[in-house]
Amino acid sequence: MLDLLMLTLLIINLIWLLFDGLFSTQAFKSILDSISPDFIAAYTPVHNNFVLYDLAFVIVFLTEFCVRWVAAVVRKTYVRWYFFPFIHWYDLIGCIPLGGARIFRFLRIFSIFYRLQKYQIIDLRNSALYRFTLFYYDVLVEELSDRIVVKVLTDAQKDIAAGSPLIDDISKQVLATRLPILTQWLSSIMVHIGESIEHNNHGESVRNHVQKSVGKAVRGNAQVSTLKILPVLGTTIEKTLEQSVTDIVTQSIINLLKDITPDKIDDFVEHGLGRFSNEDHMLDQEVLIIVNECLELVKQHVSQQRWKDSFSSQNSSPDS
């Protein structure tokens, strides 16, 4: 209720300030004189002593400011007790009874409306003015942010086109610092896969696939096929050999995966992938082209003015 009372007094004071400012002009006086000459004679003493009348509003505003300051200290709204006047500086400056400082009283309207909305005394979200303001605020923010993002991405593309060592920087500054964690994670994944294949239930599908692949390779081998010539024992020997080879291959894969340690992965990256990345410049160029094309797609997506779609949908809706 206090905010509603202060809002009413503030509106009255602002209207009065506007009227008194216009009263200082000869053109406005001429209009009033044509309407009511007696009113000019009656209001002229008030205009000449307007500062004294305005002090009455200033006292009320300062009192309300002090009450809210004390309430903020009691509720511990801010970390320090003296933060309140700095955060609500416009309220304090607006209480100065000078022409240039009075304009800050207009900002009090927004702070009061904010508190009324915050404590659900009023609901401005369903008002046409709120929707209008929010829509064009979103338009302004979207247009500014889109242009900033497009500018940043364009500068990044120029750096890439100029031969920016992006891949080397990523390898040295991003991947290299996290390589121990990545190798440890990759090693644990490999060990987990090996244990899963070794498990009686979880690795059955992998073992079956290895068995089929090895069996097909064994049966297609010319030397093994000659075993079928042997009567009776030929088929048995072939199946035994196929099963043995399958078990050996499966166990070799399991041992290989379980034996991979972070040190071995580091050695592989250093002597394998590292050498390949340094020697093959074509791969670097291809990666940079991919990054550039991705940035171009991002720019096209960002440049889309989505507020136009929203504006079209609002105009086409039955409620509009």
Side-chain angles (χ1 to χ4, degrees), residues 78-79 83 86-87 89-90 107 110-111 113-114 117-118 124-190 192-193 262 265-320:
Y78 304 104
V79 179
F83 280 12
F86 291 100
I87 295 175
W89 58 270
Y90 48 88
L107 298 178
F110 296 100
S111 63
F113 273 120
Y114 172 77
Q117 179 74 33
K118 178 181 178 180
L124 299 175
R125 290 172 295 183
N126 295 325
S127 63
L129 179 61
Y130 177 84
R131 293 194 299 269
F132 176 84
T133 305
L134 181 63
F135 174 76
Y136 284 100
Y137 171 78
D138 292 339
V139 170
L140 177 62
V141 172
E142 181 180 344
E143 290 292 333
L144 290 176
S145 61
D146 288 355
R147 280 160 174 75
I148 293 173
V149 172
V150 169
K151 173 62 177 175
V152 171
L153 295 178
T154 302
D155 292 342
Q157 288 179 303
K158 291 180 180 178
D159 291 340
I160 293 174
S164 174
L166 179 62
I167 302 299
D168 291 340
D169 291 343
I170 293 176
S171 300
K172 296 177 182 178
Q173 300 180 18
V174 179
L175 296 180
T177 57
R178 296 169 175 83
L179 192 58
I181 299 176
L182 294 175
T183 53
Q184 183 67 38
W185 172 79
L186 187 58
S187 174
S188 63
I189 292 295
M190 294 296 184
H192 177 70
I193 293 175
I265 295 177
D266 286 338
D267 184 72
F268 174 71
V269 171
E270 181 178 356
H271 297 91
L273 294 179
R275 182 179 303 168
F276 176 78
S277 298
N278 292 330
E279 295 177 356
D280 195 349
H281 299 290
M282 295 297 296
L283 179 62
D284 291 350
Q285 295 299 322
E286 194 64 28
V287 171
L288 291 176
I289 292 174
I290 293 174
V291 172
N292 185 66
E293 291 179 354
C294 291
L295 292 177
E296 191 65 33
L297 290 175
V298 173
K299 285 169 58 178
Q300 294 177 6
H301 179 75
V302 170
S303 298
Q304 294 178 357
Q305 295 175 314
R306 289 180 292 273
W307 63 267
K308 290 185 177 180
D309 297 333
S310 177
F311 183 74
S312 301
S313 62
Q314 289 180 4
N315 290 337
S316 60
S317 62
D319 297 336
S320 60

Residue pair Asp138 / Glu142, side-chain heavy-atom distance below 4.5 Å: no
Over all atoms of both residues, closest heavy-atom pair of Phe86 and Trp89: O-CD1, 3.2 Å
Side chains of Glu143 and Arg147 in contact at under 4.5 Å (non-hydrogen atoms): yes
Qualifying residues under salt bridge (charged side-chain N to carboxylate O under 4.0 Å, His left out), relative to Glu296, sequence neighbours excluded: Lys299
side-chain contact (heavy atoms from CB on, under 4.5 Å) involving Ile87 - partner list, sequence neighbours excluded: Tyr78, Phe83
Atom pair CG/CD1 of Leu144 and Ile148 - distance to nearest 0.5 Å: 6.0 Å
Neighbour count above 12 (heavy atom, 6.0 Å) for Ile181 CD1: no
